[in-house]
Amino acid sequence: MEIPYTVQPRPDTGVYNGKMGIWLFLASEIMLFGALFSSLILLYIGSPEGLWHDSVSHLSVPFATFNTLVLIASSVTVVMSWASLKMQDLGKYRIYMGLTVLLALVFLVVKGFEYNEKFSHGYFPKTNTFYAVYFTMTGLHALHIIGGVIVNLYLLFPGTKMWETEPERFTNRIECAGLYWHFVDLVWIFLFPILYLML
Amino acid sequence: MHQLFRKINIDWSNPLMFLLVGLHLAGCGGDQPAPQRSTPPPATSSENTIAQKTTGTASISGTVSFIGEVPKLRTVDMGSVAECKEQHSAGLKSEALVLGDGNTIANVIVKIKSGLPSNAKYDPPTNPAELDQIGCIYTPHVLAVQVGQTVKFKNSDSVIHNVHTLSEKNPAFNKAVNKGGEMDRTYDQEETFFVKCDIHPWMKNYIGVVSHPFFSVTKLDGKFEIKNLPVGKYTVEVWHERLGEKTQEIEVSHGQSAELDFTLSKS
Amino acid sequence: MVTHESHHDHHHHDEGFWRKYIFSVDHKVIGIQYGITSLIFLLVGFCFMLVMRYQMAWPEKAFITTDQYNMLGAMHGTIMVFMGVVPLAVGAFGNYMVPIQIGAPDMAFPRLNMASYWVFLPGCIVMMLGFLTDGGAAQSGWTSYTPLSVLAGSGKFWDGQTMWLLGMVFLITSSLLGSVNFIVTIFQLRAPGLTFMRLPFFVWTQLVTAFLLLLAFPPLEAAGILQLMDRLAETSFFMPSGLVVSDVVQDQFSGGNPLLYQHLFWFLAHPEVYVLILPAMGIVAEIVTNNTRKPLWGYKSMVYAAIFLGFMSFLVWAHHMYMTGMGTAISAFFQTTTMIISIPSVVILTAFFISLWGGSIRYNTPMLFALSFLPMFGIGGLTGLPLGLSTSDIHLHDTYYVIGHFHYVVAPGTVFALFAGIYYWYPKVTGKRMNETLGKIHFWGSIVCMNLVFMPMFGMGLAGVSRRLWDGGAVYAHAQEVLHLNEYSTWGAFGLIFFQLFFIVNFFGSLFSKEKTDDNLWQATTLEWCAAPSPPLPHLNFARIPEVHRGPYEYSVPGHKTDFSPQTMKETEA
Amino acid sequence: MKSFLQLWMPSNASTHGGSVDNLIFYIHWLMLVLFVGWGIFFVYTLFRFNRTRNPKADYHGVKNHYSSYLEFAVALIEAVLLIGFSLPFWIQEIAGAAEENTDHDIELRVIGQQFQWNIHYPGKDGIFGKTSPNLVDGTSNVLGLDRSDPNAKDDFSSQGLSIPVNKKILVHVSSYDVIHSFFLPVMRVKQDAIPGISVPVVFTATETSPKDPKKSEKWEIGCAQLCGTGHYKMQGDLVVLEEDAYNTWVDEQVKQALEEGEAW
């Protein structure tokens, strides 16, 4: 006996299992980052005048702007990879998914440079609460990116086998991975202005 | 990484406690005794060629005394801890500065700071140094031990104490010791740190860990003696918890008993 | 496990032992794994409590040190909540029963389900490894309030508190995986005809619980990560400036806020209370309807009450923090929400009481436990009232009154409901029935001892004796007149463990009983009894997916032949 | 009910404590009524609808909706307790203290420390001397007083809280290390002592504490929040004196503080 609605949506809920699962997972992720953002606000209110502002001025806005564009581009490519599968084009899927992974790696490398620069100038998480928040939140976000890269790499290489047997299910998988990837982008889109521009 | 692994010090008696609940709890005081090395103390091994270089027959002795206006000492406020108060009906004076007749200073660590052969290695004494908690104070107030020597922390009081060592180079620890309990520790880095009983905040003691056997702690008469020194030129350091450190240089020859006095004052 | 599985027909010879019993994706096997693990941890947590109770009753013997007492206290709380009751109520009962009760072949994501258990177990082990460290296990209470918990221990990495935090991250991840699975399963895999208002109340409580776990746990995960950063990277999220500990200025910390941790913690931990209590209510609903042979009174209002309870539980967290110096507006808000949240609890409890009226009550062991849940949870709930108003909380906050209150909710409340569930569903899982005589001895002994343990705590709390005292309060003058109550509690606790022996013997002994039970020995209506064999088929649950034609508790329907009308029964068959 | 609960509770010796106690009494009345009501219904039902007495269950059960009235009544009583008692009290007695410039007679600081309560008295001048964490020493300077500050000369610390009777006391509760909870059972005062935050608490004692008390008669400060290994003994004495006796005591303490000066 098969587990129902793994591929086809259930009529009364309108979604297949995986899609509902990923949405629920993202809801919990929102709570996680929501808690971190609330902590950020609370610590900001309690911080001495100007301390956070001075710390922010050491961050590199060009780096981060570049990274924002990279992530937005990767969001587009991941949608394209899903669309390619919808149009039964596995070759294009491979290209777009490959691009997505590549862009994610670019993001991580740039992030690595940014971290390295901070460390070499003696800014560590323990320097003050702003850097603590900065490193923790961007670090956690980077971990999410790494997780996404691993999943996408799986879907790009060994996972593709499923295309032969269950193409629809495979397309669904890409959709779920894409939803997660959009969420990771979204977190960055909140992180970037708050950490780099607003404080 | 080295730092990390040094801190991994499994206390096997602890999980055992939970496995054998009710069986051996009463006798469960702390760690297993550290393995003790059985090499004889340096003094008796003078025939040994290596030992001849690292030990000798010279000695340095002297007195540490205080000059200047003697600060007043506070009476310790024990709050409402009846079990401690009743052991000090006349009140307990702060042990921050203990002076003998002629203002000699007790509780000063005197040690050779430098001048010993650089490759010298000294086996630690086999007898443990004891640090007792009795009358809600640490006895002795200042303890000096050699690297690798066992320090036995005891609790001879009827109340529970805790031993909180605030060492930085050696692993610090914070453990409660029930009445009659004891635990052993060894230290492998040279440093001077203090030990507190957090349960009774006035209880404070200092431990000096020295990498060689050439050290001494003054008693009330302020006298110290460092024996079995090889020939050489040494920097001698005195250390006091409130008066700080002071050094002097001295050169000793074979069989000589050199005299060296120190004076300390409020900075 | 092996014993009862051996009754199955071995259709799946290709599955090896490891696939079948250890890394199984079958929700039933995973449920049993959760069940056994959590029962062991309940026993461990209980033994910790015995040691503490012994110490508190006779402090002059100095049985354990203050450190060990604090370790046992912190770990007792953590084990009971995170490794005992929740895994048993949700991991075991939920995993095993929910798919069968909704007519599904398995959970929606079987491999995720397996992963959830295999993240849970390492989490427990990592946390327990704390006992092997130099400083021992975590000793800052199950709440791990900062700065105490950040300062605790001297070796920062290999340390009980760090292990606690790491273990907590594992446990949270596990319950996130589990709760996603539950919600998807309940939404997507319901059998044809099984509409939401035909779901057994147990499934409803599991659904609400899963939402609470899903949304409340992440903030604690955040708190755990931040506290790990404070401990290992010397950040100052929760650490204010100017700390002096043991005469040493902690100048590595500056600018943090210790109350932030409490907010994040209680944002989880209050919903967690309902995670503990809701599945218990679900189990009680199943057993009460079955043994009164009549429908649950006010099923719909109970469902709405449970949903409302879940929703409100996110808005009451700061009633644990009245004494932190909060202003009028915030305190007024949280007092109001706290009073509001008491209403759905009253609704549910009242509905249970009224459900009994007009029934034909069978007093078997599961029913006795389920019935005793009602007054015991009643005491627990009612004693929550003076704690929910900040004014009366001034005197009672963090005293033994609080301990008595939440233990009445969780110990004779939830744990009794879980016992009821074990006695009720044991035949479903094993095909054997537990011994009634032993069960009744277990029940009567337990209920007397439970009250002996917890009732004295209200007296101590009113006297103002603080919780978590190594000597049970012997130092304090205002505790002198109630100190003897400690001894009653302790005798009660020792009595309690004695009567659990009857359960343990019964639990294992019944496995070897020769008599196999009927598929539906309780003559119940819900799908797990009326549509699946006992024990259910491996990996399938059902020979074919059942169709549902009626509500979950159609007992004693006028005009029907039998006094129970299974959910699968068509109207025409009646 | 009142006398039954008072049997357990410590005596009340503050002006505001009565309100706290009364609310506790009222809530316990509500609890008792509900529990006894439910209990009677429960026991009667279990007896009446036993399978042997009632072999055939009634499908419909209770048809009336009296239970809704009960639920409504409970909600109403809770609302009365909340709006009529708890909120006004919190506004007047607790939150009121947080406002600056309240007319108090004595101002003190309470600083929690592992594991004792340190009370900072401002001395005769009524001004707190400067303190600094760097100067804290468990034996000679628990408050970290900067003795070079002229205002600090007559400041003194005590591990017990001594106050005069019938005077409004303003206490700033704080901590130097971890979170403690400042608890005066007979005063119905409880406030978490949180490092980095100072919370004001106001109370007035109405009676003097027993003179030469036996152990069980002492008034005391407790710690209601787990603060580490010595939490169990974080106890201090609370002494409420007649005003004259209090002034004499302060004079003695100030004299001693001036004499000891910067003693070690």
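A, B, ... follow the sequence lines: proteins, then strands. Residue 1 opens every chain.
- Ranked by heavy-atom pairs under 4.5 Å with chain C, the list T13(A), I22(A), N128(A) is led by T13(A).
- Around atom CZ of F119(A), more than 12 heavy atoms belonging to other residues, nucleotides or ligands sit under 6.0 Å away.
- Among N17(A), I30(A), L140(A), the residue with the largest count of heavy-atom pairs under 4.5 Å with chain C is N17(A).
- Side-chain atoms of Q188(C) come within 3.5 Å of backbone atoms of V15(A) as a donor-acceptor pair (strictly under, hydrogens ignored).
- A distance of 9.0 Å separates CE of M31(A) from CG of L214(C), quoted to the nearest 0.5 Å.
- To the nearest 0.5 angstrom, K126(A) atom NZ is 11.5 Å from M229(C) atom CE.
- Between S28(A) atom OG and L177(C) atom CG the span is 9.0 Å, to the nearest 0.5 Å.
- Looking at M107(C), the atoms closer than 4.5 Å to chain A (heavy atoms on both sides) all sit in the backbone: N, CA, C or O.
- No part of L51(A) comes within reach of chain C, as not one of its non-hydrogen atoms sits under 4.5 angstrom from that chain.
- In terms of heavy-atom proximity, I3(A) sits nearest to P110(C) at CD1-CG, 3.3 Å.
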Could you please spell out the steps behind the side chain to side chain contact (heavy atoms under 4.5 Å, CB included) verdict for T136(A) and F237(C)? CA-CA 10 Å; T136(A) 309; F237(C) 290 107; 3.2 Å; yes
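- Nearest heavy-atom pair across A222(C) and L32(A) is N-CD1, 3.6 Å.
- Within 6.0 Å of atom CZ in F66(A), 12 or fewer heavy atoms from other residues, nucleotides or ligands are found, so the atom counts as exposed in its surroundings.
- For D12(A), the part lying under 4.5 angstrom from a heavy atom of chain C is the side chain only.
- Between the CZ atom in F25(A) and the CG atom in L176(C) there is a gap of 7.5 Å [rounded to 0.5 Å].
- Listed options L259(C), L215(C), N181(C), L264(C) were ranked by heavy-atom pairs under 4.5 angstrom with chain A; first place goes to L215(C).
- In terms of non-hydrogen atom pairs under 4.5 Å with chain A, the most contact-rich of P240(C), A233(C), S254(C) is A233(C).
- Each of L232(C), D230(C), T235(C) was checked for a side chain to side chain contact (heavy atoms under 4.5 Å, CB included) with P125(A), and the lone residue meeting it is T235(C).
- The candidate from L189(C), D106(C), L213(C) with the greatest count of non-hydrogen atom pairs under 4.5 Å with chain A is L189(C).
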Enumerate, atom names and distances included, each donor-acceptor pair closer than 3.5 Å involving a side-chain atom of residues 33-44 of chain A, sequence neighbours excluded.
{"unit_1": "S38(A)", "atom_1": "OG", "unit_2": "G34(A)", "atom_2": "O", "d": "2.6"}
{"unit_1": "S39(A)", "atom_1": "OG", "unit_2": "A35(A)", "atom_2": "O", "d": "2.8"}

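- Enclosure of atom CH2 in W23(A) is not indicated, since only 12 or fewer non-hydrogen atoms of other residues, nucleotides or ligands lie within 6.0 angstrom.
- The distance from atom CD of E29(A) to atom CD of E221(C), rounded to the nearest 0.5 Å, is 8.0 Å.
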Pair F211(C)-L24(A), side chain to side chain contact (heavy atoms under 4.5 Å, CB included): steps then yes or no: CA-CA 9 Å; F211(C) 269 107; L24(A) 290 167; 4.1 Å; yes
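- Separating the CZ atom in F124(A) from the CD atom in E234(C) is a distance of 12.0 Å, to the nearest 0.5 Å.
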